[in-house]
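Below is one structure, written out as structure tokens; the observations come after it.
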Amino acid sequence: MAGNKTLTIIKPGAVKNRHIGGIFAKIEEAGFRVSAIKSLKLAPAEAEVFYSIHRDKPFFQELVDFMSSGPVVAAVLKKEDAVEDFRELIGSTDPAEAKEGTIRKLFAESKSHNAIHGSDSDENAENECNFFFSKKEYLEKH
Ligand code: GDP
């Protein structure tokens, strides 16, 4: 059975470009409930842990530098089939390939500065939610 939550991060570029409100409007319009939310600045070492799956990729250092370059907004989102539906809502990694109306098509600057993160599996969603949030930080019963 598919899980009902996913983890999103509004990346530093989208925060800087004042897209927090526009992005969350799309998220709520699409039927997701915000279950926990906070702003923070990731230390480079924290970004390395969060993206450790990409450790061996050529763009790893660039990714870590970017994700720790400024404040982000992290949130836990709830909805049936959250992971799959949210990946559909954000669109392809590269905004040039993302479908019209998707968050990355609307708000991303480039493949590396692509506005938003969305978990890619239920298992990763669980781990990523726990990476950012403790139980008491949830807006609703958890
Ligand atoms: P996602 O699941 O759609 O976010 O994509 P991936 O898991 O493949 O990559 C994670 C993140 O790494 C992406 O969201 C981008 O921010 C970044 N990224 C992916 N490919 C590249 C690349 O070729 N160059 C750089 N600089 N960053 C990339």
Side-chain angles (χ1 to χ4, degrees), residues 1-139 142:
M1 199 186 90
N4 71 342
K5 72 174 173 186
T6 192
L7 187 280
T8 190
I9 308 171
I10 311 300
K11 298 186 179 183
V15 170
K16 195 171 169 191
N17 292 331
R18 304 186 190 177
H19 292 318
I20 298 171
I23 290 175
F24 275 97
K26 297 295 284 182
I27 289 171
E28 292 196 325
E29 277 163 21
F32 291 86
R33 278 197 334 276
V34 176
S35 182
I37 184 164
K38 70 166 104 173
S39 58
L40 72 156
K41 189 163 183 282
L42 288 168
E46 293 173 317
E48 280 179 17
V49 171
F50 186 82
Y51 280 112
S52 57
I53 195 164
H54 294 303
R55 200 183 304 111
D56 298 328
K57 304 264 173 66
F59 58 82
F60 181 64
Q61 194 55 50
E62 200 183 320
L63 176 60
V64 166
D65 289 348
F66 171 56
M67 290 304 292
S68 56
S69 68
V72 300
V73 177
V76 177
L77 305 174
K78 294 260 181 85
K79 183 185 183 297
E80 249 179 61
D81 299 330
V83 166
E84 193 182 337
D85 288 2
F86 195 66
R87 297 287 298 187
E88 187 72 28
L89 179 66
I90 67 177
S92 299
T93 308
D94 186 346
E97 290 165 15
K99 283 188 204 155
E100 289 300 326
T102 59
I103 289 174
R104 282 170 166 164
K105 187 72 176 182
L106 290 166
F107 299 108
E109 296 166 278
S110 63
K111 188 177 183 182
S112 53
H113 294 197
N114 61 0
I116 190 161
H117 168 82
S119 310
D120 63 3
S121 70
D122 288 337
E123 190 187 348
N124 285 343
E126 186 66 35
N127 293 335
E128 292 177 1
C129 291
N130 293 335
F131 178 92
F132 280 102
F133 296 97
S134 64
K135 264 188 183 173
K136 68 179 180 193
E137 291 178 293
Y138 281 75
L139 299 168
H142 181 60

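Computed from a prediction, not measured in an experiment: that's the story for all the values here. Any value given below was found using the heavy atoms of this structure, including those in side chains, with hydrogens, waters and symmetry copies removed.
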Would a 4.5 Å heavy-atom cut-off, applied to side chains only, mark Ile10 and Phe24 as touching? yes
I'd like to know whether CD of Glu80 has more than 12 heavy-atom contacts from other residues, nucleotides or ligands below 6.0 angstrom. no
Would you indicate whether the side-chain heavy atoms of Ile27 and Ile116 approach each other to under 4.5 Å? yes
In the structure I gave you, are the side-chain heavy atoms of Val72 and His117 within less than 4.5 Å of one another anywhere? no
In Å and rounded to the nearest 0.5 Å, what is the CG to OG distance from Asp94 to Ser112? 9.0 Å
Looking at Lys78, is its backbone amide N or carbonyl O close enough to the side chain of Asn4 to form a donor-acceptor pair, meaning the two atoms are under 3.5 Å apart? no
Arg104 side chain to Ala115 backbone, donor-acceptor under 3.5 Å: no
Flag the pair Leu42 / Phe50 as yes when at least one side-chain heavy-atom distance between them is below 4.5 Å, and no otherwise. no
Where does the angle between the aromatic ring planes of Phe107 and His19 fall among parallel (under 30°), tilted (30 to 60°) and perpendicular (over 60°)? tilted
For residues Phe131 and Val49, determine if any side-chain heavy atom of one lies less than 4.5 Å from a side-chain heavy atom of the other. yes
Side chains of Asn17 and Glu109 in contact at under 4.5 Å (non-hydrogen atoms): yes
For Glu137, enumerate each residue passing the side chain to side chain donor-acceptor pair (under 3.5 Å) test, keeping only those at least two apart in sequence or located in another chain. Lys38, Ser134
Partners meeting side chain to side chain donor-acceptor pair (under 3.5 Å) with Asp65 (sequence neighbours left out): Gln61
Considering only heavy atoms from C-beta outward, does the side chain of Asp120 approach that of Val83 to under 4.5 Å? no
Interatomic spacing from OG in Ser69 to NZ in Lys11 - rounded to 0.5 Å: 11.0 Å
For residues Val64 and Pro44, report the shortest heavy-atom separation together with the two atoms involved. CG1-O, 3.6 Å
Arg55/Glu48 salt bridge by N-O under 4.0 Å criterion: no
Please state whether the rings of His54 and Phe59 are parallel, tilted or perpendicular, taking 30° and 60° as the class boundaries. tilted
